[in-house]
Every structure is written in C-alpha cells, then in structure tokens.
Amino acid sequence: MLIGVEETIQWLKNYNDKLSEQKDYLSQLDRAIGDGDHGINMARGFQQVADSLDDDFDDVSTVLKKTATTVMSKVGGASGPLYGTAFLKMSMACKGKEVDAGVFAEMVEAALGGIKQRGKSEEGEKTMVDVWSPVLDMLREGEFDAERLKKTAEDAMQNTEDMTATKGRASYFKERSQGNLDPGAVSSYYLFAELADVIGKGA
Amino acid sequence: MLIGVEETIQWLKNYNDKLSEQKDYLSQLDRAIGDGDHGINMARGFQQVADSLDDDFDDVSTVLKKTATTVMSKVGGASGPLYGTAFLKMSMACKGKEVDAGVFAEMVEAALGGIKQRGKSEEGEKTMVDVWSPVLDMLREGEFDAERLKKTAEDAMQNTEDMTATKGRASYFKERSQGNLDPGAVSSYYLFAELADVIGKGA
Amino acid sequence: MKKLINDPEQIIDEMLDGIVAGSPDDVRRLEDTTVLVRKDAPVEGKVALISGGGSGHEPAHAGYIGKGMLDGAVSGEVFTSPTPDQVFEAIKATDSGQGVLLVIKNYSGDVMNFDMAAELAESEDIKTAQVIVRDDIAVDDPESRRGVAGTIFVHKIAGAKAEAGASLEDVQQTAQKVIDNTRTMGVALSPCIMPTSGEPGFELADDEIELGIGIHGEAGIEKRKHMTADEIATELLERLLPEMDLADSDEIAVMVNGMGATPEMELNVFNRKVQSLLAEKGVKVYDTTVGNFMTSLEMAGCSLTLLKLDDELKELLDAPSSAPAFKK
Amino acid sequence: MKKLINDPEQIIDEMLDGIVAGSPDDVRRLEDTTVLVRKDAPVEGKVALISGGGSGHEPAHAGYIGKGMLDGAVSGEVFTSPTPDQVFEAIKATDSGQGVLLVIKNYSGDVMNFDMAAELAESEDIKTAQVIVRDDIAVDDPESRRGVAGTIFVHKIAGAKAEAGASLEDVQQTAQKVIDNTRTMGVALSPCIMPTSGEPGFELADDEIELGIGIHGEAGIEKRKHMTADEIATELLERLLPEMDLADSDEIAVMVNGMGATPEMELNVFNRKVQSLLAEKGVKVYDTTVGNFMTSLEMAGCSLTLLKLDDELKELLDAPSSAPAFKK
Ligand SMILES: Nc1ncnc2c1ncn2[C@@H]1O[C@H](COP(=O)(O)OP(=O)(O)O)[C@@H](O)[C@H]1O
Ligand SMILES: Nc1ncnc2c1ncn2[C@@H]1O[C@H](COP(=O)(O)OP(=O)(O)O)[C@@H](O)[C@H]1O
Ligand SMILES: [Mg+2]
Ligand SMILES: [Mg+2]
Ligand SMILES: [Mg+2]
Ligand SMILES: [Mg+2]
C-alpha cells in the first residue's frame, strides 16, 4: 500500500500549510502573467479542505471525493474546476481499491485526463498540465520513488518558465509570459512534493 | 489729475502681468484655506481684460466699465462678482469726471461698499475687504502718495494672516485659516501696488 | 497623475460637447455658453428649474437635465462658480413665461453669481425665485452650511413638482421643504487631482481620512487615522440623526454618494452598515440610492444624505424622471 | 491605499448585503450563497437570464438585475470566477420551467465553472443554454477574446427578448447576434488596488498607459507613453471599425465605459472625440451610453464598445428596463 486514509489526510493538510505559506508567492507569480489571485484562491479553498477532514473516512476515495467537492465550491477561478476535477477523477479511480503504486498511476492518469478535458488543454501550453503529464510518465515507468516524484514535478514546474502560454489568463500575455513560472504548475508541484514527503516519511 | 485713460490701461495690463506671474502662488494660498483656484480665476479673467483694452476709450470710466463686465463674465467663483462689482462701482463713481485724488477716494469708497454689499461682509473677516478698507481710510486722509498706498495695502494684506475667516470658502477652515494669508487680500494688494507703480512712474 | 483629457484649458468646453454628443435628442448646448438645456426648452406652461456650479461634480449638474428634473444646467470652470451672464442665458432659454427656479448651493461664489443673474433677469422682466441648498452638517453654523449631495433630492422633487404644473411659488416652497429636511455628511479617503495644475486639491496623509470634507476639498470636521467602513458609517449616522428631528412614524430617503473614485463595491459595503444601523434604531427607510451623484473628480470617499419625507415628498420622489443620472 | 471596507475577507458578503439593503423591493439574496435574484424570481412563463463572474466590476453584474434584463447574478471573489454550486443555485432559483440562459464572459474560469453548473442543472432536468461573450479585440484570436463591457448589451438585449416571451432558443440566438456584432477595446491609465493584498493589480509607470488591457489587468496590446483623450479615442476607433463590417446604412450603439476612477468629465471629453470621428467617417450612431458599467475597482481608464444594430436589436435596446444600473 502506498497511502491510506491517514496519510491522505496528512498529505492534504500539509498541502494546505504549504499553500498558506506560499500564498503571496503564488499570487505574485499570477500577477506577472494573470490576475494575481492564484495564491488566494488555492489557500482559501484548501483551508476549507483541511477543515473538512477531521471526520471519519472509510477509504482514500471518500477523502478525495470530499476534497473534490470542497475545492469545486471554494476555490473558484480556473484552478477551482481544474483541481476539483482532478480530485474527483482520482477519487473515482481508486474507488473500492487500496492505493498502491499502480493504482496511484491510474489515479493521476484519470486526473490528467479530467484536467485536459475540462480545460481543453494539452501539454506545452504552460499550465498545470505540464506538471501532471511528466509526473504521469514517470509513474508509469514502474516502481514508486518518492524522491523521484518530487524531482520530476520540480523539473516539470521549472520547465514552464520558458513556455509561452496559450491557455488561461496567462495566454493574454503571449510572449511576455515567457520567463515566468506558471502559478498553477507551481501549486501542482507543491501537491506532489507534499505527497512525496508524506510517503517518504511513512516508508 | 491722478490717472487718465492711458495710465488706467497700463495699470490693468500690468496687473494682468502680475497675476499671471503670481498665478501659482495665489492658487497655493487658496489651496491652504479654500479650493485652490484663486490664481487661475484671476489670471484667466484679467488676461481677457488686458486683451479687451486695445480699443479706443473716451475716459477712465469707460475703461473701468469694460473691465467690470469682462471680470464679471470671465473670472467666476467668488472673486468674479466681487472684483466685477468693485470695478463697476469705481466706473460709476468717476463717470464724467477727471480722476484726481479726491475722486479716486470716492471710487474706492464706492467699490468697497459694493464688495461689502455683494459679499455680505465686513472688516475683520479675512477677505479682500481687509485690504480695500484700510486703503480707503488712508486715501481719505488727504494728499495722494503712491508709496504710502502701496505700503498700506501691503500691511493690510499681511494683517489678514492672523485673522480667522468667517466668509467665503476659507471660513470652513475656521481656526485652521489662521497663519495663512487670504488669497483675495493678496490679489487686492497687487492691484493697489500696480496702481502705485504706474502713478509713481508717471509722476 | 494621468488624466483622460486633452488641453486642461478646454476641458469644460469639450466635456459639454461630449455630453451633447452622447444625448443629442435630449439636451442641447446654448451656443457660445457653458449652458446645457433640455432639447425642448422652454417647456410650455412649466416652471423651469436651473442648477449649476463649478464643474468636476459630474454627473452634477447636466446629468440631471430631463423631463421631471432640471431644464438647464450651468457649468463653471472646475470647482469655480459660473458667471452671471451664463446663468442669465440659461434663464432666458428655459423660461416659458412661468418663471424660473434657481437651485443654488451655498457657496459665496454661487450665491453671488446666481443672484446677479437674477438681477439681470429682473431687468428683462423674467420672474425668478431662488433656493439655497445647505445640507452639509460638517459646518456648524446652519447659515454657512454648504450645499452637497442633498442637492440631487432638490432637483428630483422640485423638478417633479414643476413637471406637475405647479406655480413658481409652489415649486420654490417644495424645494425649500426638501432643503429643510435634508442633511448630508461626507468623508474623503484621498484627494482629487486638479486638471489645470495636475496637483492634488488638498493633502491627506497615507493613513489619514478627513471627516466632513467639502466637495471641493474644503476642510472638514477632523482628520482621523484610517477607519473601517462600518466605523465611518456609524460616525456619519450618529452626527446626522440628531439633526433630523425624526418622529416615530417618519420615513426617510437615503443617498449613499460616491465622491468619484470609490468602487461601487465599497459604497455597498458602506450602505450595508448604514441600513443595519437605521434598522436597529427603528428608522424607516422608504427609498435608498447608491452611486456617484455629486462627485469631486476622482476623490475617494463618500457622503451620506438623509431626507425626511412626507406624503408629498414621497410622491414627487417616485415620479418619473428621464434625466440620465437619475432615471425613475 | 485606503479603502472604504471592513475585513477584506468579508467584502463580497458585505457588498451583497449592501446591495439588497439598498433595493429590498427589487432583489433578494439566496441564503448562504453569493447569488442575487429578482425579488419575484422565478418569473412565470419567462426564460431566465443569469450572468456573473468575479466581483470588482460593479455595477456588473447585480446592477443589471431587473425587469427586462437579468434574473440573477452570481458573484465570485474579486476577479475570481464563482463556483459551479453558486451558479447552480442561481439557475434553480430563477428557472420557471422555460429554461435559463447563462451569459458567460470568455475566461477559462467562468467558462468551466458555468459549464459545470449547466451539467448539474442537466442532472436535475433544468434546461440551460449558454452564450460566451468575447468582445475584446485586444486579443487577436477571436476564440480567445475576453468578454468585457459589451456584456452589458447582451444583458440588455437578450433580457428584453426574454421579457417579451421568447423561447430559450430564441433568446440564445438573439444574445449570440449581439455578441457577433459587438466589439470593445479599452485603455488603462492607472491600476486598481486588490482589496486582499492592498497591492496594485498590475504595474504602470507614471507616464505610461496600457492599450487593450483586460478588466482584470491582463496584458493589453502595448504600453504607450501618455496620450491625450483624442489620441486614445482615435486609436481605439481605428482598431474597432475594421472589425465591425459596417454597411453604409448600418447604425450602431456606442458605449463609453469608465473603468472605475475616471471622472465622468473625462469620459465625456473622450466621447466628444469618438462621436466626432464617427460623424466624420459617416457612421450613424443610434444610441450612446456614457458611464461606469463594467469597472475594474478603481482602475482609471475607459473602454469603447460598438454594437452594430438591426431593427430587432434597436427595438430590444430601447425596451424598458428596471435594472438600477441600466434603466430604460
Ligand atoms: N484551460 C486551462 N487548462 C489547464 N490549466 C489551466 C487552464 N486555465 C488556467 N489554468 C491553470 O490555472 C492557473 C490559474 O489559476 P487561478 O489564478 O486560480 O485562476 P484564474 O486564472 O481564473 O484567475 C494557471 O496558472 C494554469 O496553470
Ligand atoms: N463673502 C465674501 N466677501 C468678501 N470677499 C470674499 C467673500 N467670499 C470670498 N471672498 C474673497 O474671495 C477670495 C476667493 O476667491 P476665489 O478663490 O477666486 O473664489 P472661490 O472662493 O469661489 O473659489 C477670498 O480669498 C476672499 O478674499
Ligand atoms: Mg488568477
Ligand atoms: Mg477659490
Ligand atoms: Mg472656486
Ligand atoms: Mg482570477
């Protein structure tokens, strides 16, 4: 088993702490190539997620479903439906299952599919997709490795710096979007990094 | 004779030059205890006065009448009707007369009366009245003396600094109006100072 | 400070042309003047209403021209009363023989210039009457109180009275009733920028607001360290209510007026507290208006106006108006 | 920067309560939501119109609720699309069985959130249709164009169509016709201040303006050294007209929209040039509106919207509206 209910809750609570800590940084990234609210949106939504996780949960799927509905109704903006969809798809992909490395890869695959469909987006458009997609590629290669997950997400996040945005608000900045990290890519990197930390510690 | 048509025109043109030179200073005084437009108002109006004085005029009264109507229709604010009235009354007071020292005193008396009536104001309320009134007192004392006229107007203007305004926009500043010169008193001082210069030079 | 203007010297002229260009079927400009009048002026058989003053208070005053409100508006330079000849042109163009009511805000300049215009009208046998609006309670002496946002209620209600065919005396009397029952107080958060100088009209430190400031930046009651919207609403209401002389059965109209640069979002945040305080105190609100009605260029801040109503005033307040800035 | 607010976290909630407190007879708030609806919603036998988006654009969107315009408005946080559950509440509260048209501005967030709400509605057998406003020509690719002030024309005209009893399909079609014929471009002179951070939403040097900026401060076409109002009007018109595909006999509606902090005086100075250029070019103007309709908090600047009209659109544009921000 990779993660159970407790680790999932820990992961999401740690992610919330990270977001509240990096709120201003994320908003600042969004100010450069968007409208400056990404940090506020994510921090607001995941604070609610964290607050909603003190109940008893039967399985990981239920935790993620709860997270999905909270994110959808509390984050707003573009990232709300995208992260909401991602968590919903992850929840569906592990329904009735224990989450091992294989299931987790299926979960990320479902999430990425959901994000791309909801956002009508593809790789290379300087969005969170550009973190989720390399992460999926890595997970598909087999053995789960927390450190590699973190490193892959980080590199992917870094790679958005040189991309030109064609989706979301950053797309209005066209070439001007180059040289700036995509805020959604950064918040997605945090998500995987926090997961890696929780699993790494647990191992 | 104290002044003729030519000196009157010279006086008003010099006054216009002075106003345009001191425009910002007058507005700044008005910003402290009013709404900051006295310099603009006066400079705008007297530029028109200066421009209107290139015609032929029969006598001083006609020059002043022309000035009065231009001031009334071009200055605006509180100072427009007040200076307009002052010039109209001066014009009426010298109608059909040569302007000697006695007539000039009568003219200032009429003007002051007009200002006080139009403005419903009295001495000591920190307005232009506080320059016109001491000037009239001095003129009534007899022999005309350009230097004394200038000095009297200047002292009177200076004395408004410590007064508390009870009329016009400065009155809203109540005690805060103390320590600031009244802008209308300053523009009135300029008027008499320019007259003194024209007469002084002519003598 | 950047402004959307051309030559500051031409700003009034260009604004007036711009207003007419935007409403060519409703208003016209008297040639070579700063006067706008109803396209159909003079309106036969109707007492005319004229208002005006310095510019910079838009939509006041031209925005209130229309059926049921003003017949004409006279604009001076920015924050400077218009001259008597301009007011006189407005009077001549709007008088249908029933006489003209001049709505004057209580500033020395306005009072003198409109009064001189009335003298000119008298000399040509045009009947005029005057009312002087003095709703700003930031000034203690009632005689010296300035006319501010309450002026809009005078336009609306006296305008409806005139539209209903009342005589000059009756329109004047109704206007006076509005004035007697209207009180306003405002607050500034940041100054406006004078177009001619490019300088702020007055000074406010970064953490200061000014309570009771006038619509030209004239001094208010006091400068304060920054307060919340709720604190400001409370403070203004607590000063206004004692002045209103309200009986239990009285109903009031409320106007929350933005000074120019304050977002409507904030005006509504402010209005929320105003209304909840009024409800707490048992004051019945008949009508509320929130928006920019009497501004000071891009000053930030707002004013709060209360008007005590009776049956006549309610009916006239509700009467139709086609004025773009106060459609009913 | 000073603002007339309390807790920035509560600003939307308090604004919404303030709006309702100001118009208790016309709008109501759905409990525990950020949704305002017509007091009489759902209106029997009528297709409902819902609009919304991030807050900070007031009077958009709640100011357009009224007979002849919107049935409901959904507010997100400042500049942040509202969530699907909120939009869904609005749909449920306004649907009378005739279906609901969602007027969506073309931002990823709005499109996704409204679309998810439509899915929720479908799951409960409520018929919805969508139109996506994309009038901002500052963006080249027509598919990516943002929805800005032209949205107000969609509210007005589709709202009148719905009020007249048209079916959901017909209302949608008319709304789409407005969208196809509406083009806007804006300019910013100074940024707005985000209430949560107290920081400017974007940067502009003291002598710079930005042409084609979005209503959330998204990048425009280019930054320029300061230009006069006439130069800006000329530039905007020259970019808009080629997009309008006007025949000689066509008439247009013009909207000069202030971004929040620009005095109405300046909007009229700008409008003067717009109208004189249109006259020079022989473009017939049927209707002009000048004011603050789709703002960005206290951003300074304006936008210019042109709408090509036909007989149907003219009639619907002129139809009555009781919405406080667009009374007709
Ligand atoms: N169509 C899309 N597909 C995928 N990701 C997107 C899309 N649009 C936006 N995003 C992501 O969302 C992030 C912005 O989120 P946020 O700032 O919270 O919302 P908004 O853009 O509505 O202000 C971007 O950095 C990007 O990663
Ligand atoms: N009622 C009054 N009586 C006499 N002088 C007055 C009165 N009101 C104002 N003034 C004078 O006018 C000056 C202000 O003029 P100005 O700034 O041009 O007009 P406004 O006050 O309308 O802006 C004051 O400094 C004062 O001298
Ligand atoms: Mg954003
Ligand atoms: Mg002054
Ligand atoms: Mg003045
Ligand atoms: Mg956003």
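As the structure is a computational prediction, the values presented were derived from the model and not from experiment.
For a heavy-atom cut-off of 4.5 Å, chain D lies close to A:Gly168, A:Arg169, A:Tyr172, A:Phe173, A:Lys174, A:Arg176 in residues 149-181 of chain A. Below 4.5 Å, heavy atoms of chain D meet heavy atoms from A:Arg118, A:Gly119, all part of residues 111-141 of chain A. Of all residues spanning residues 81-104 of chain A, those with a heavy atom less than 4.5 Å away from chain D's heavy atoms are A:Pro81, A:Leu82, A:Thr85, arranged by number. For residues 209-217 of chain D, the interface with chain A (any heavy-atom pair closer than 4.5 Å) comprises D:Glu210, D:His216, D:Gly217, sorted by residue number.
Neither the backbone nor the side chain of D:Pro191 comes within contact range of chain A, judged by heavy atoms closer than 4.5 Å. At a 4.5 Å heavy-atom cutoff, the contact between D:Glu119 and chain A is made by side-chain atoms alone. In this structure, the portions of D:Asn113 lying under 4.5 Å from any heavy atom of chain A include both its backbone and its side chain. Contact of D:Asp141 with chain A is not made at all, since no heavy-atom distance falls under 4.5 Å. Within the 4.5 angstrom heavy-atom criterion, only backbone atoms of D:Asn106 (N, CA, C, O) approach chain A.
Heavy-atom pairs under 4.5 Å with chain A peak, among D:Met194, D:Gln86, D:Arg146, at D:Arg146. Among the candidates A:Ser73, A:Gly76, A:Ala78, the residue making the largest number of heavy-atom pairs closer than 4.5 Å to chain D is A:Ser73.
Atoms CD1 and OG, from A:Ile40 and D:Ser197 in turn, are 6.0 Å apart once rounded to the nearest 0.5 Å. Separating the NZ atom in A:Lys74 from the CD atom in D:Glu77 is a distance of 10.0 Å, to the nearest 0.5 Å.
Within 6.0 Å of CD in D:Glu122 there are 12 or fewer heavy atoms belonging to other residues, nucleotides or ligands. For D:Glu31, the CD atom counts as loosely surrounded, since its 6.0 Å shell holds 12 or fewer non-hydrogen atoms of other residues, nucleotides or ligands. Other residues, nucleotides and ligands contribute only 12 or fewer heavy atoms inside 6.0 Å of the NZ atom of A:Lys65.
Listed for the A:Asp35 side chain is no donor-acceptor partner under 3.5 Å among the backbone atoms of D:Glu218.
Side-chain atoms of D:Thr80 and A:Arg44, non-hydrogen and from C-beta on, do get closer than 4.5 Å to each other.
Contact between D:Val78 and A:Asp37 at its shortest, heavy atoms only, is O-OD2, 4.3 Å.
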